[in-house]
Amino acid sequence: MPTPESILKSIFGYDTFKPLQREIITNVQARRDTLVVMPTGGGKSLTYQVPALLFDGLTVVVSPLIALMKDQVEQLNALGVPAVFLNSSLSQEEYQANMDSVKSGQSKLLYVAPETLLTPRIYSLLSSLKLDLLAIDEAHCISEWGHDFRPEYRQLVDVRRKFPSAVCMALTATATPRVRADIAASLGFTQSNEFLASFNRDNLFIEVAPKREPIAQTLRFLENFKDQSGIIYCFSRKQVDELAATLARHKYSVRPYHAGLEDSDRRRNQEAFIRDDAQIIVATIAFGMGINKPNVRFVIHFDLPKSIESYYQEIGRAGRDGLPAHCLLLYSYGDASKIRYFIDQKEEPERSASYQHLDAMTRYAEGNICRRKPLLSYFGETFAQENCGTCDNCNSEPADQQDITVAVQKLLSCVKRSGERFGAAHVVDILLGSKNEKIEKYRHHELSTYGIGRN
Ligand code: ADP
Ligand code: ZN
């Protein structure tokens, strides 16, 4: 009788399971619905691939990423595991051949896009078979509270109802407690178990710097990363093009990536980056889904990300090989206002959710405690260490801080007394006891706060 250990060794060639993999597999074998939350690179795929090989029937894997599906199936086939995929990228003949291979029971795993799974053609195919396991990858797509909501994911619960004897797994690399609850509820998990792996990535140095002269700051940063691979995220396509051009003028090997480029150019630029033909990719958030490049040494956020989830996912593309990598976020209050302007154009309830995401992001950026604490607590994890040693706040001198309570009291008092309607420059003039015309005009030299800020 094959066991999880024997399959791990004989098929995948590994001696030991990664953290939580064995527990998850045991849970799935016992046919209990299972929610798996593991950071990218944690080894999620194996947790459904091993059970798939232990069950007699078919395992269906739902994945929204066509490129990833193909990679996974090719890898499995190379290991001698019969697996196929069905999605819109296949020709008629290929599609039929893959359908036949599932129908005959030859394939153990079928990868499908959610919209494909919901078609009558696939329903009737599956009805003629024994479906043992339904694994839903990127399961956060089911939740409106996640960063990548996909309406077709909502209908996956119908698939569950049609095949009640199949055990269901939901897997994701990013899920807040709220998104986790949403996933379990949407999929109708009754007796489910959650497995949460740690999200801490201790090889990443995390830094947030005030955005003053972003280009100069970026160039200075890059001085320390000569010939090393990195990603620079920008908010807009225009910003991507401009920054890529600037870096090219400074003789960096750089490519742009955003949704406004021709498909072929985008693909070429991505390939160049992955194969180390280009050192830097300057991109919008369109870049990165499904990218698994091990030697990314830095990620710069040239603009503010719109949520902690996307930020975490984007910095998570650095240091996949476990070696040190540096993540720099350039933060300005103005960027937050810019995003707020875009959020204002949205409809409820998306608007409220977006505001909450942005608020959490700005609180994070402005915070002065260990970066890992708010980051991990966002994912429901407590980072207990006092000093992580690899973030800006844990490495800065506490001497940076001084008590300015009295000065602030004077300032606010002056704002209040002058009627809360003057700008910073005028309030400063009052505090300094200046004698200009505007002060005279409003008789502000008669205020009790006039001149109390001279020291
Ligand atoms: P995820 O889907 O969580 O991002 P993957 O399933 O792609 O992660 O696995 C990440 C890498 O870890 C892959 O290269 C995989 O082969 C490897 N891996 C998975 N499980 C093990 C294991 N038990 N021992 C060693 N390597 C493993
Ligand atoms: Zn820290």
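In listed order, ligands and their atoms are each counted from 1. Since this is a predicted model, take the numbers as computed values, not measurements.
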Taking only Lys NZ, Arg NE, NH1 and NH2, and the carboxylate oxygens of Asp or Glu, determine whether Glu262 and Arg266 approach each other closer than 4.0 Å. no
For SG in Cys394 and SG in Cys391, the angle at the Zn ion (ligand 2) (nearest 10°) is 100°
Any protein N or O within less than 3.5 Å of an N or O in ligand 1? List each pair with its distance, or say none.
from     : atom 1 : to    : atom 2 : distance (Å)
ligand 1 : 3 (O)  : Gly42 : N      : 3.4
ligand 1 : 3 (O)  : Gly43 : N      : 3.1
ligand 1 : 3 (O)  : Lys44 : N      : 2.9
ligand 1 : 3 (O)  : Lys44 : NZ     : 2.8
ligand 1 : 4 (O)  : Gly41 : N      : 2.6
ligand 1 : 6 (O)  : Lys44 : N      : 3.4
ligand 1 : 6 (O)  : Ser45 : N      : 3.0
ligand 1 : 6 (O)  : Ser45 : OG     : 2.6
ligand 1 : 8 (O)  : Gly43 : N      : 3.2
ligand 1 : 12 (O) : Lys18 : NZ     : 3.3
ligand 1 : 16 (O) : Tyr14 : OH     : 2.5
ligand 1 : 20 (N) : Gln21 : NE2    : 3.0
ligand 1 : 23 (N) : Thr16 : O      : 2.9
ligand 1 : 23 (N) : Lys18 : N      : 3.4
ligand 1 : 23 (N) : Gln21 : OE1    : 3.0

Point to revise | Within 45° cone of Phe273 ring axis and under 6.0 Å: Arg255 NZ or CZ | key: no
query: Can Lys211 be said to sit on top of Phe302's aromatic six-ring, NZ or CZ under 6.0 Å from centre and within 45° of the ring axis?
result: yes
Original post:
Is the backbone of Ser377 close enough, under 3.5 Å, to the side chain of Glu381 for a donor and an acceptor to pair up by distance?
Top reply: no
Taking the Zn ion (ligand 2) as the apex, SG on Cys370 and SG on Cys388 give an angle, to 10°, of 110°
Open item on the list: Any donor-acceptor pair under 3.5 Å linking the side-chain atoms of Glu23 with those of Asn27?
Closed with: no
#### Entry: Lys/Arg-Asp/Glu bridge criterion (N-O < 4.0 Å) met for Arg267, Asp265
no
### Task
Apply the test salt bridge (Lys or Arg N to Asp or Glu O under 4.0 Å) to residues Asp56 and Lys108: give CA-CA distance (whole Å), side-chain angles for both, the deciding distance (0.1 Å), then the verdict.
CA-CA 8 Å; Asp56 321 322; Lys108 294 292 295 174; over 6 Å; no
